[in-house]
Amino acid sequence: MPTHSPRASCGTGRVLPLSFYSQPTIEVARALLGKLLVHETAEGCVSGYMVETEAYLQGDPASHAVLRAGGRWVAKMTERNRQMFGPPGHAYVYFIYGNHYCLNVVTREEGVAEAVLIRAVEPAEGIDLMRRRRGIAPASPANELRQQNAATRADRNLTNGPGKLTQAFAIDMTHNGADLTARPLRVEVGRQIPAGSILASPRIGIKAASENPWRFLVARSPWLSRP
DNA sequence: ACATCGATCTACT
DNA sequence: GTAGATCGATGTA
């Protein structure tokens, strides 16, 4: 019996209801912290607790649904941002910098272009599969026994960034528009994060509207893209 | 049709 | 700490 036979399913099956995603987007961004992201593929199942998110709002100059045209910011639906206008509880996935995919959770009712970017998760299940997908060497047998859920230093690089976690979870454009209350990609209730452990900061890597503190994180989590 | 640039990551200094 | 990779969506012509 292989010690690391990939599990076909994981998580608990306690899926968050669609109504969760109809709350104001900033509420959703905070409430997603601690929720469990689960992805089942033929290779196996991986899951992780969200520890870092960012809110993108209607009319927000940093949003993909707002474009610079003729020297002005204009809200506009395009081929890329179409899913942001779609129904809540679905995925908006985009390709960036010629290399990476990023996963968003669409919020608010259809027609309102708001979403939450998932920037980092704490690996929970399928860690060995994540390592293979990320090209990170497995932990030594000694470490493996000693650590179980704890991470090696290298394992911090599995999912501590929006492009890294999509690679570890094998999320790509085929998941654009996916229903996040169903297989293969879903969000479950996960664990409770005390309100006092949630911090807000400016969002990362944007130019416009860079002062809005709409990045949310679990304080002192080792799994953040940055503190 | 073409030029620009990005909600990033990695490698290297 | 910073440069380079890398390519599709977008805007302008």
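The chains referred to below are lettered A, B, ... by the order of the sequence lines, with proteins before strands, and numbering in each begins at 1.
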When the distance from CG of A:Leu67 to C1' of C:dT10 is rounded to whole Å, what number comes out?
-> 8 Å
Below 4.0 angstrom from OP1 or OP2 of B:dG6, is there any side-chain N or O of A:Lys207?
-> yes
Please state how far atom OH in A:Tyr94 lies from atom P in C:dC7, giving the value in whole angstrom units.
-> 18 Å
Hey, does A:Glu79 reach any base, or is it just sugar-phosphate, or nothing, if we go heavy atoms under 4.0 Å?
-> sugar-phosphate
Is A:Tyr97 side chain donor-acceptor paired with the C:dA5 base, going by distance under 3.5 Å alone?
-> no
So what does A:Arg80 touch, heavy atoms closer than 4.0 Å: a base, only the sugar-phosphate, or nothing?
-> sugar-phosphate
Report which part of the nucleic acid A:Arg134 touches: base, sugar-phosphate, or nothing (heavy-atom distance under 4.0 Å, all strands).
-> sugar-phosphate
Using whole Å, report how far CD of A:Gln167 lies from P of B:dT10.
-> 7 Å
Bracket string, DNA chain C, 5' to 3' - pairs by Watson-Crick or G-U geometry under 3.5 Å, | interstrand | |||||.||||||.
Show your reasoning for whether ring pair (Phe, Tyr, Trp, His ring centres under 6.0 Å) applies to A:His100 and A:Phe95.
-> CA-CA 6 Å; A:His100 313 289; A:Phe95 182 65; 8.0 Å; no
Have A:Thr12 and A:Glu188 got a donor and an acceptor in their side chains that come within less than 3.5 Å?
-> yes
Does A:Arg134 have any salt bridge (charged side-chain N to carboxylate O under 4.0 Å, His left out) partners at least two apart in sequence or in another chain, and if so, which?
-> none
